Amino acid sequence: MPEILTTPLTSEAFAPFGDVLEIGGEPDKWINAGACGRYHDRARLDFVDGQAGISLFNAQPRSLPYAFDLVERHPLGSQAFLPMTEHPFLVIVAPDEDGSPGAPRAFLTAPGQGINLYRGTWHGVLTPLHAPGLFAVIDRIGEGANLEEVTYSQPWSVRER
């Protein structure tokens, strides 16, 4: 079984696949009489037709090493995952190679990080590593075929670096 080692999730490493959603540096502005820092417009939301919707997901936790063989993508809209706990989660993405997923990469989030996957990005399923696996998900709601799935011919094993 081919193996993938996780890498920490950073904006630079994740840039080809999406946005890292986290607080960093000074807020863009202060609101609520100076009691709340606003980090403004942190994700490139991108939808073909339809509209943005917020859904709540409750995913079963997995553990490392983790074997996977399924990736998916959403050609009509970006997809943001915002954990509702402080636990890290696993993010698996793959470059597009002429319409098919290439060799996957695995990222391990830090507490307080979320992600926004760009429209059309190949990615693994939602993979929390601790219970509860609660996430707010912002994605496209609308008509049309917005899901493509591919199963790798051989499973990959993901383990922590």
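Given the structure is predicted, the values throughout are model-derived calculations rather than measurements.
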Participant: For the aromatic rings, using the six-membered ring if either is Trp, is the centroid distance between Phe135 and Phe89 under 6.0 Å?
Facilitator: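 For Phe135 and Phe89, the ring centres are under 6.0 Å apart.
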Participant: State yes or no: are the ring centers of Phe17 and Tyr118 separated by less than 6.0 Å?
Facilitator: no
Participant: Using modelled atom types and a 3.5 Å cut-off, is there a donor and acceptor pairing between side-chain atoms of His74 and backbone atoms of Asn146?
Facilitator: yes
Participant: When rounded to the nearest 0.5 angstrom, what distance separates OG1 in Thr10 from CD in Gln113?
Facilitator: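 Taking OG1 in Thr10 and CD in Gln113, the distance rounds to 8.5 Å.
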Participant: Are Trp156 and Leu70 connected in the hydrophobic side-chain network, where two residues link if heavy atoms are under 4.5 Å apart?
Facilitator: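 Cluster IDs for Trp156 and Leu70 match.
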Participant: For the side chain of Asp19 and the backbone of Arg44, is there at least one donor-acceptor N/O pair under 3.5 Å apart?
Facilitator: yes
Participant: Using a 6.0 Å cut-off, check whether atom CD of Glu143 has over 12 heavy atoms from anything other than its own residue.
Facilitator: no
Participant: Roughly how far, to the nearest 0.5 Å, is the CD1 atom of Ile138 from the CD1 atom of Ile54?
Facilitator: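 The distance works out to 5.0 Å.
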Participant: Using the rule that Ile, Leu, Val, Met, Phe, Trp and Tyr join whenever any side-chain heavy atoms are under 4.5 Å apart, tell me whether Leu21 and Leu9 fall into a single cluster.
Facilitator: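 No; Leu9 is not reachable from Leu21 via cluster members.
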Participant: Taking all heavy atoms of Asn32 and all of Cys36, pick out the closest pair and write down the distance.
Facilitator: OD1-CB, 3.4 Å
Participant: What's the spacing between Arg119 CZ and Leu45 CG if we round to 0.5 Å?
Facilitator: 12.0 Å
Participant: What heavy-atom pair brings Tyr152 and Pro101 nearest, and what distance separates the two atoms?
Facilitator: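 Smallest heavy-atom distance, with atoms named: OH-CB, 3.6 Å.
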Participant: Could you walk me through whether Leu134 and Leu56 pass side-chain contact (heavy atoms from CB on, under 4.5 Å), step by step?
Facilitator: CA-CA 7 Å; Leu134 299 173; Leu56 301 179; over 6 Å; no
Participant: Within a radius of less than 6.0 Å around CD of Gln60, do more than 12 heavy atoms belonging to other residues, nucleotides or ligands occur?
Facilitator: no
Participant: Grab the two heavy atoms, one from Tyr39 and one from Gly24, that are nearest each other, plus how far apart they are.
Facilitator: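 Taking Tyr39 first and Gly24 second, the nearest heavy atoms are CE2-O, 3.5 Å.
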Participant: Using the rule that Ile, Leu, Val, Met, Phe, Trp and Tyr join whenever any side-chain heavy atoms are under 4.5 Å apart, tell me whether Phe107 and Val20 fall into a single cluster.
Facilitator: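 Yes, same cluster.
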Participant: Please test Leu82 against Val137 for side-chain contact (heavy atoms from CB on, under 4.5 Å), starting from the C-alpha separation and ending with a verdict.
Facilitator: CA-CA 6 Å; Leu82 303 167; Val137 178; over 6 Å; no
Participant: With rounding to the nearest 0.5 angstrom, report the CZ to CG distance, Phe47 to Asp139.
Facilitator: 7.0 Å
Participant: Find out whether Ile4 and Arg105 are in side-chain contact, i.e. whether some heavy atom of one side chain is under 4.5 Å from a heavy atom of the other.
Facilitator: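 The answer is no; the side chains never approach within 4.5 Å.
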Participant: Before giving the answer on side-chain contact (heavy atoms from CB on, under 4.5 Å), spell out for Leu129 and Leu108 the whole-Å C-alpha distance, their side-chain angles and the decisive distance to 0.1 Å.
Facilitator: CA-CA 10 Å; Leu129 298 173; Leu108 193 57; 3.3 Å; yes
Participant: Is there a side-chain contact between Leu117 and Ser78 (heavy atoms, below 4.5 Å)?
Facilitator: no
Participant: Quick one: are Glu3 and Arg159 in side-chain contact, heavy atoms under 4.5 Å?
Facilitator: yes
Participant: So, for Leu64 and Val158, which heavy atoms are closest and what is the spacing to 0.1 Å?
Facilitator: CD2-O, 3.6 Å
Participant: Please tell me if the side chains of Arg38 and Pro27 come closer than 4.5 Å, counting only heavy atoms from C-beta onward.
Facilitator: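 Heavy-atom side-chain distance check fails, nothing below 4.5 Å.
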Participant: Using 30° and 60° as the class limits, which term best fits the ring planes of Tyr66 and Phe68: parallel, tilted or perpendicular?
Facilitator: parallel
Participant: To the closest 0.5 Å, what do you measure between CD1 (Ile115) and CD (Glu22)?
Facilitator: 12.5 Å
Participant: Of all heavy-atom pairs between Ala94 and Gly102, which one has the smallest distance, and what is that distance?
Facilitator: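 Heavy-atom minimum between the residues: CB-O, 3.5 Å.
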Participant: Hey, could you give me each pair passing salt bridge (charged side-chain N to carboxylate O under 4.0 Å, His left out) that has a residue in residues 85-103? Not counting sequence neighbours.
Facilitator: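 Only Arg73-Asp96 qualify under salt bridge (charged side-chain N to carboxylate O under 4.0 Å, His left out).
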Participant: Would one find more than 12 heavy atoms of other residues, nucleotides or ligands at under 6.0 Å from atom CG of Asp49?
Facilitator: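 Result for CG/Asp49: open.
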Participant: Would you say Val125 and Val71 are hydrophobically clustered, going by side-chain heavy atoms of ILVMFWY under 4.5 Å?
Facilitator: yes
Participant: Of the non-hydrogen atoms in Leu147 and Pro75, which two are nearest, and what is the gap between them?
Facilitator: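 For Leu147 versus Pro75, the nearest heavy atoms are N-CD, 4.1 Å.
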Participant: Is it the case that the side chain of Arg161 and the backbone of Thr6 share a donor-acceptor pair, with hydrogens and angles ignored and the cut-off at 3.5 Å?
Facilitator: yes
Participant: As a quick check of understanding, evaluate side-chain contact (heavy atoms from CB on, under 4.5 Å) for Phe14 and Val93, giving each step before the final call.
Facilitator: CA-CA 9 Å; Phe14 198 67; Val93 290; 3.9 Å; yes
Participant: I'd like to know if the side chain of Arg140 reaches the main chain of Val48, judged simply by a donor and an acceptor atom lying under 3.5 Å from each other, with no hydrogens or angles considered.
Facilitator: yes
Participant: Atom CG of residue position Leu5 - does it have more than 12 heavy atoms of other residues, nucleotides or ligands inside 6.0 Å?
Facilitator: yes
Participant: Any Lys/Arg nitrogen of Asp28 or Arg42 sitting under 4.0 Å from an Asp/Glu carboxylate oxygen of the other?
Facilitator: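 Between Arg42 and Asp28 there is a salt bridge, with a charged N closer than 4.0 Å to a carboxylate O.
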